[in-house]
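Everything below concerns the one structure shown next.
Residue indices begin at 1 and follow the sequence shown. All ligand and atom numbering here is 1-based and tracks the order in the structure. Since the model is a prediction, treat every value here as computed from it, not as a measurement.
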Amino acid sequence: MKYDKNNIFARILRKELPAQVVYEDEYALAFHDIAPRAPIHILVIPKGAYVSFFDFSEKASSAEIMGFTKAIHNVIASLDLKNKGFWTLSSHGEEGGQVVFHYHVHIFSGRRPSQITPLHS
Ligand code: 5GP
């Protein structure tokens, strides 16, 4: 899939749309999910134009991959989730349930994966 530079997260990156930002650095932006599925539900997105994890891991530079991974680490540390516990999720494509086609990692805490209601139950 070709990257659409007008997807919602690209527009949040350009500050055309508002978001509740919790972290930003050279490589990444992190903000609260608009429809949280857990008491803590954060989205971390790279600043580069990548559709999904597959696209990112294929095309991003080593600096971008390292910077993005460290940014996720910094978000987790800043929210003090290391001891509390958390889980991460990244969707790709229709079968993966991807809705926004700018690569993003979900960080959830306060609710276990098994407690998240399946979309098609
Ligand atoms: P996906 O299903 O693509 O992995 O997840 C996309 C996520 O983006 C969903 O959890 C959805 O609630 C969230 N989302 C969609 N639109 C917006 C928005 O405009 N602002 C924020 N903060 N989150 C959004």
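- Contact annotation: the side chain of Tyr103 approaches that of Phe68 to within less than 4.5 Å [non-hydrogen atoms, C-beta and beyond].
- For atom 1 (P) of ligand 1, the nearest protein heavy atom (residue, atom name, distance) is His104 NE2, 3.2 Å.
- Distances shorter than 4.0 angstrom do not occur between any heavy atom of Gln20 and any atom of ligand 1.
- Asp80 has no carboxylate O lying under 4.0 Å from a charged side-chain N of Lys84, or vice versa, which leaves the two without a salt bridge.
- No more than 12 heavy-atom neighbours from other residues, nucleotides or ligands sit within 6.0 angstrom of CD on Glu95.
- Applying the 4.0 Å criterion to heavy atoms of Val100 picks out, from ligand 1, the atoms 3 (O), 6 (C).
- For ligand 1, the atoms sitting less than 4.0 Å from at least one non-hydrogen atom of Phe31 are 22 (N), numbered in the order shown with element in parentheses.
- Scanning the protein heavy atoms around atom 14 (N) of ligand 1, the nearest turns out to be Ile34 CG2, 3.7 Å.
- The distance from ligand 1 to the heavy atoms of His106 drops below 4.0 Å at these ligand atoms: 1 (P), 4 (O), 5 (O), 7 (C), 10 (O).
- Taking the side chain as every heavy atom from C-beta outward, Ile12 and Leu29 approach each other to under 4.5 Å.
- Protein heavy atom nearest atom 8 (O) of ligand 1, with residue, atom name and distance: Phe9 CZ, 3.4 Å.
- Only the side chain of Leu43 comes within contact range of ligand 1, with a heavy atom under 4.0 Å; no backbone atom does.
- From the protein, the heavy atom lying nearest to atom 4 (O) of ligand 1 is Ser91 OG, 2.5 Å.
- Protein heavy atom in closest approach to atom 22 (N) of ligand 1: His32 O, 2.9 Å.
- Applying the 4.0 Å criterion to heavy atoms of Gln98 picks out, from ligand 1, the atoms 3 (O).
- With hydrogens left out, the protein atom closest to atom 13 (C) of ligand 1 is Asp33 OD2, 3.3 Å, a heavy atom.
- Atoms of ligand 1 found under 4.0 Å from any heavy atom of Val99, numbered from 1 in the order shown, are 1 (P), 2 (O), 3 (O).
- Within 6.0 Å of atom CD in Glu94, 12 or fewer heavy atoms from other residues, nucleotides or ligands are found, so the atom counts as exposed in its surroundings.
- The closest approach between Gly97 and ligand 1 falls below 4.0 Å for a heavy atom of the residue.
- When only modelled atom types and interatomic distance are considered, Tyr23 and Asn74 share a side-chain donor-acceptor pair under 3.5 Å.
- A side-chain donor from one of Tyr3 and His102 sits under 3.5 Å from a side-chain acceptor of the other.
- Ligand 1 places these atoms under 4.0 Å from at least one heavy atom of Arg37: 9 (C), 10 (O).
- Heavy atoms of Phe101 come nearer than 4.0 angstrom to ligand 1 in no pair at all.
- Counting only heavy atoms of the protein, atom 16 (N) of ligand 1 lies nearest to Ile8 CD1, 3.9 Å.
- Looking only at atom types and distance, the side chain of Glu58 has no donor-acceptor partner in the side chain of Tyr50 under 3.5 Å away.
- Within 6.0 Å of NZ in Lys15 there are more than 12 heavy atoms belonging to other residues, nucleotides or ligands.
- For Glu24 and Lys47, the salt-bridge test passes: some basic side-chain N is under 4.0 Å from an acidic carboxylate O.
- Below 3.5 Å of separation, one finds no N or O of His41 facing any N or O of ligand 1.
- Other residues, nucleotides and ligands contribute only 12 or fewer heavy atoms inside 6.0 Å of the CZ atom of Phe53.
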